[in-house]
Amino acid sequence: MALRFYNTMSRRLEEFEPIEPGHVRMYTCGPTVYGPAHIGNFRAYIFEDILRRYLKYKGYRVTQVMNLTDIDDKTIRDSQEAGITLQEHTRKFIEMFFHDLDRLNIERAEYYPAATEHIPEMVDFIQKLIERGNAYGSGGSVYYKISTFPRYGALSHMDMTGLKAGARVDSDEYEKESVSDFAVWKGWSERDGNVFWNTPLGKGRPGWHIECSAMSMKYLGEQFDIHTGGVDNIFPHHENEIAQSEGVTGKKFVNYWLHNAHLIVESKKMSKSEGNFYTVGALVEMGHNPIAIRYLLMATHYRQQLNFTSEALEASKKAITRLRDFRTNVEDARPGPDSDTAKWTVARAVEGFEAALDDDLNMSQALAAAFDFVREVNAVVAEQGLSEADKKAVLNALRRFDSVLGVVYVKEAGIDQRIDTLIRERNEAKKARDFKTADKIRSDLLDEGIILEDTPVGTKWKRKV
RNA sequence: GGCGGCUUAGCCAAGUGGUAAGGCGGAGGUCUGCAAAACCUCUAUUCUCCGGUUCGAAUCCGGAAGCCGCCUCCA
């Protein structure tokens, strides 16, 4: 089956075909680094990670760009309040961002361009817009003239004539010819302090939207395959990017626009005042495993609003444990005959998994295929063991599924000599039928998050998820 | 006010015309020193509500209620 995506532009499922055969170029909107990213932000990055991993699973080479917005009103405001430079301020949150990416087992993109490191590219871009008549200077700033771009509103399906003059328009933007025109370059104002660049456009800083147009073009070219972001980015951000990029090139900017829905927490909108505003760090401090967060964020279809609940987070831990236990069950399965059931189950699972993800990344259904696989293989293992060939085929499939899921084969702290010693002591106690000592060792380890299991092939230990 | 989305078991969540996936939880059983894991059985006659179309609807149409978004720099 062919890979299909729901394209926000056309509002329908479309078969995916990259511009360059075998190579996918995609731009994924990244964080504004003014504070720690929250789980809502990470839903987008997890979605993009699944997208990236599945494209690779399908055999594509992937070039992914994720921008780091390190200059905007909030970064300026917060760095000034903290009394440090913009760079000092944003660096902290950039580090935190990458740390969270690692904890959530999100693969690295090929490029993470920072806006402040691409000022010349943006200035160049803006000059082209001015030359072509798509932008005009006014009061030290430069604005994009929407009336020069008739297709404006195509992505968001919005009628721009409905905008009310003066509504939520920044007071320093009164120089605009039309209220819906937006800033591509912001002339320096007092409150920017020492944050500015001296450029041919004057003293100032770039607007938000221009960075994505300039940087995507630098790393991916004038036209590329996929652009993603949260639904909130559809308007105005992505609409403006299209206007800028196509304004300069006259060519179609992006072929497939993919947007993820937001999440709610305990059926409520996540907000600081509700006290349900979570960062990855805060959840980890509460004792939650980041991989469980990953699982929960990916298990709902990306275009569906996701309800993040602590109960679901616990369920996610159990689900991961089941998948990990399945791996060891298979690895340690006693030798058995070749099984047609096992072979058939592997084939069916792979087919089901791929069909689900091919269908606009239907992860819920892909997981269902994976869990059917687990149950069916476990039944064979329990009944008659596994032949070496079947074992290999099953583990191959699992490893392949996990190249997308990223929850089973996750690096964790290595073997602890001390645990091995305790297991030996416990086995001796068991042999002496001193179950009191044996149980104490097991429960002490459990307190540390280590689970001991007695199996036919000896005592095994695993970390609690 | 304009535009859009959602509502499926105790919880999370697929399914978009052919008779309700999957995970968690719960009940019982097998196995075990006890556990854990695993396996087996059961756990929504029904998909927010009310109408309609159809041989047939959770799925299509109309209406109501609730929830969540976007409407100029929030994933």
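The sequence lines fix the lettering, A, B, ..., with proteins before strands; numbering per chain opens at 1.
Residue A/Glu48 contributes atom CD, which lies 8 Å from atom C1' of B/A75 at whole-angstrom precision. One can place CG of A/Asp447 at 17 Å from P of B/A36, the figure rounded to the nearest angstrom. In this structure, A/Glu453 atom CD and B/A36 atom C1' are separated by 5 Å, rounded to whole Å. For the pair A/Leu323 CG and B/A37 P, the interatomic distance rounds to 14 Å; values are reported in whole Å. Between the NE2 atom of A/His259 and the C1' atom of B/G5 there is a distance of 15 Å, rounded to whole Å. Here B/G23 presents its C1' atom at 15 Å from CZ of A/Phe353, a figure rounded to the nearest Å. Rounded to a whole Å, the CZ atom of A/Arg303 is 12 Å from the P atom of B/U16. In this structure, the NZ atom of A/Lys318 is 13 Å from the C1' atom of B/A37, given to the nearest Å.
B/G4 has no stacking from A/His157 on its base ring, since the centres under 5.5 angstrom apart and planes within 30 degrees of parallel are not both found. Stacking is found between A/Phe435 and the pyrimidine-like six-membered ring of the B/G33 base under the 5.5 Å centre-distance and 30° plane-angle cut-offs.
Straight-line distance between the C1' atoms of B/G15 and B/U30: roughly 34 Å, to the nearest whole Å. Rounded to a whole angstrom, the distance from the P atom of B/C60 to that of B/C47 is 15 Å. A gap of 15 Å separates the P atoms of B/A14 and B/A21, to the nearest Å. The same atom, P, is picked in B/A38 and in B/C74; the two are 45 Å apart, to the nearest Å. Rounded to the nearest Å, the gap between the P atom of B/A65 and that of B/G22 is 36 Å. One C1' atom belongs to B/C55, the other to B/C68, and the distance between them is 38 Å to the nearest Å. Comparing the same atom, P, in B/A37 and in B/G23 gives a spacing of 15 Å after rounding to whole Å. To the nearest whole angstrom, the two C1' atoms, one in B/C6 and one in B/U16, are 14 Å apart.
Looking at heavy-atom distances under 4.0 Å, A/Asp232 makes contact with a base. A/Gly229 comes within contact range of the sugar-phosphate backbone alone, with a heavy-atom separation under 4.0 Å but no base atom that close.
Classification of A/Arg442 and A/Asp439 as a salt-bridged pair holds, one side-chain N sitting under 4.0 Å from a carboxylate O.
Taking the six-membered ring for Trp, A/His238 and A/His209 have ring centres at least 6.0 Å apart. Under the 6.0 Å cut-off for aromatic ring centres, A/Tyr6 and A/Tyr256 do not qualify, their centroids lying 6.0 Å or more apart. Aromatic rings from A/Tyr136 and A/Tyr144 are positioned such that their centres are separated by 6.0 Å or more.
Side-chain atoms of A/Asp454 come within donor-acceptor range of the base of B/C34, with a qualifying N/O pair under 3.5 Å. The base of B/A37 is not paired with the side chain of A/Arg322 by any donor and acceptor separated by under 3.5 Å. Interface remark: the A/Asp434 side chain does not form any donor-acceptor pair with the B/G33 base, using a distance-only criterion of under 3.5 Å.
If you check B/U72 for Watson-Crick or wobble pairing at under 3.5 angstrom, you find it has no partner at all.
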Exercise. When you look at A/Asp49 and A/Arg53, which way does the salt bridge (charged side-chain N to carboxylate O under 4.0 Å, His left out) test go after all the steps?
Worked result: CA-CA 6 Å; A/Asp49 185 50; A/Arg53 285 167 175 262; 2.9 Å; yes
